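Heads up: the structure comes next, in structure tokens.
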Amino acid sequence: MIIFKKVSQLQDWIKARKHEGLHIGFVPTMGALHQGHMSLTEWSKDECDITIVSIFVNPRQFNDPQDLIKYPRPIADDLHLLLKNEIEVLFLPEVEEIYPANQDLILDFDPGLLGSVMEGKFRPGHFAGVAQVMYRLLTIIEPDRLYMGQKDFQQVAIVKKLIADQHLQARLIMCPTLREPNGLAMSSRNLRLSPQARIEASLIYATLTECQKNFEEDVPIAEIKQRAMETLTRKDFKPEYFSIVDGTTLADIEYKNDSRFVVACCAVNVEGVRLIDNLIWTKNE
Ligand code: AMP
């Protein structure tokens, strides 16, 4: 595996590969890698000639400084997993490489409603940071395809708009969420849960699926949301939101037939760890 720490060296290498006519797939991550991340690399390896993974804990997307400090950084384990999965290229920059002190990153991008609901409401500034880092990474690497997880559904919607608004060339592929056997969505943050909480956190996926049944049985949307918030309120559990939205606009849905693409998204604080998950309930395009 080649590890690049410098933007210029990575770009020289990519330029040479593009000259050879090779197609580049890109999987951006913040490390603490797990099978969910690796599933994205599998999609990329299937569809592209070269797969580049980046590990960069982007300080600008953490609205809570404590969250940034506590974010896991098991780099030795990450390298091991990347080697095991035969990843060819890792981009592992320092903060100064992404945000050079003498070079302001000016990005004129307004995600509109996509950025102000759900995560945007509870994590002010988060998506501005995500847009900045994604814009920077995409302009450095200029991949043909970009692989991101449905796990961060709102992030995918925003990056899709960023690509369109900034006329970037990457095609975004949203890959399915990988889950633990009990249904808990795999996440780097799961490392911070106690073994007991990791078992109990399966309640999040169970609630999403139970509510989908309610939705199919025509239970009113407001009632579904209320039931979900009640179910997810337990000792050590504090739900932040349970939203039922249109998957394209992320606008709240009031009635079942308001949208043909319905997605339920939630964030729950478990033992002080913020977990997010979502489920696509209908997709009739
Ligand atoms: P992160 O390192 O948390 O920034 O995630 C990097 C990428 O991996 C993002 O596109 C995530 O949506 C994706 N991802 C994280 N967890 C999962 C999962 N359980 N299944 C599939 N993709 C995931």
Side-chain angles (χ1 to χ4, degrees), residues 28 40 43 60-61 63 107-135 137-138 145-177 185 187 204-205 207-229 232 239-268 274-285:
L40 305 187
W43 283 88
R60 297 197 183 179
Q61 72 185 67
N63 53 314
L107 175 62
D108 182 17
F109 172 65
D110 177 7
L113 185 74
L114 299 181
S116 61
V117 296
M118 302 191 290
E119 291 299 287
K121 194 161 154 196
F122 284 88
R123 301 185 68 187
H126 169 65
F127 285 125
V130 168
Q132 284 196 347
V133 78
M134 287 309 301
Y135 180 73
L137 290 170
L138 289 173
R145 288 175 179 230
L146 166 68
Y147 295 86
M148 301 186 82
Q150 184 196 322
K151 157 84 169 33
D152 298 279
F153 188 84
Q154 191 171 4
Q155 172 170 273
V156 171
I158 287 170
V159 174
K160 200 180 267 178
K161 183 167 174 22
L162 175 75
I163 290 173
D165 288 7
Q166 302 295 320
H167 310 291
L168 302 174
Q169 56 150 11
R171 177 161 165 214
L172 199 165
I173 318 286
M174 183 172 81
C175 306
T177 303
S187 164
I204 299 170
Y205 181 61
T207 305
L208 283 164
T209 48
E210 183 59 32
C211 288
Q212 180 176 16
K213 273 193 222 141
N214 296 162
F215 176 78
E216 283 158 5
E217 288 157 3
D218 294 328
V219 176
I221 298 278
E223 198 179 320
I224 296 176
K225 290 202 271 193
Q226 194 190 336
R227 279 190 205 173
M229 290 298 277
L232 291 167
E240 283 185 356
Y241 62 84
F242 188 101
S243 297
I244 301 173
V245 299
D246 175 83
T248 306
T249 62
L250 303 189
D252 276 325
I253 284 170
E254 272 182 68
Y255 301 100
K256 192 177 178 182
N257 293 329
D258 280 356
S259 164
R260 292 159 67 83
F261 180 16
V262 177
V263 188
C265 304
C266 63
V268 186
R274 235 182 141 266
L275 302 178
I276 59 170
D277 201 351
N278 66 80
L279 204 59
I280 297 174
W281 283 357
T282 59
K283 195 155 199 271
N284 307 312
E285 285 174 320

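The structure presented is a predicted model; accordingly, all values stated were derived computationally and were not measured.
When ring centroids are compared, Trp43 and Tyr147 stay outside the 6.0 Å threshold.
Considering only residues two or more places apart in sequence or on other chains, Phe109 meets the ring pair (Phe, Tyr, Trp, His ring centres under 6.0 Å) condition with none of them. For the ring pair (Phe, Tyr, Trp, His ring centres under 6.0 Å) test, residues two or more places apart in sequence or in another chain that qualify with Tyr241 are Phe122. For the salt bridge (Lys or Arg N to Asp or Glu O under 4.0 Å) test, residues two or more places apart in sequence or in another chain that qualify with Glu210 are Lys213. Qualifying side-chain hydrogen bond (donor to acceptor under 3.5 Å, both in side chains) partners for Lys256, counting only residues two or more places apart in sequence or in other chains: Asp218. In terms of the side-chain hydrogen bond (donor to acceptor under 3.5 Å, both in side chains) criterion, residue partners of Asp165 (sequence neighbours excluded) are, by chain and number, Lys161.
In this structure the side chain of Ile253 reaches within 4.5 angstrom of the side chain of Val262, judged on heavy atoms.
Judged by distance alone, with hydrogens and angles left aside, the side-chain atoms of Gln212 form a donor-acceptor pair with the main-chain N or O of Trp281 at under 3.5 Å. One N or O on the side chain of Gln166 and one on the backbone of Asp108 form a donor-acceptor pair closer than 3.5 Å.
The side chain to side chain contact (heavy atoms under 4.5 Å, CB included) test with Val268 is passed by exactly one of Leu232, Asp277, Thr207: Leu232.
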Please output the side-chain donor-acceptor pairs of residues 149-156 that fall under 3.5 Å, not counting sequence neighbours, one pair per line with the distance.
unit_1: Gln150; atom_1: NE2; unit_2: Asn278; atom_2: OD1; d: 2.8
unit_1: Gln154; atom_1: OE1; unit_2: Glu119; atom_2: N; d: 3.0
unit_1: Gln154; atom_1: NE2; unit_2: Leu114; atom_2: O; d: 2.7
unit_1: Gln154; atom_1: NE2; unit_2: Val117; atom_2: O; d: 2.9

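Environment of CD in Glu254: sparse, with no more than 12 heavy atoms of neighbouring residues, nucleotides or ligands closer than 6.0 Å.
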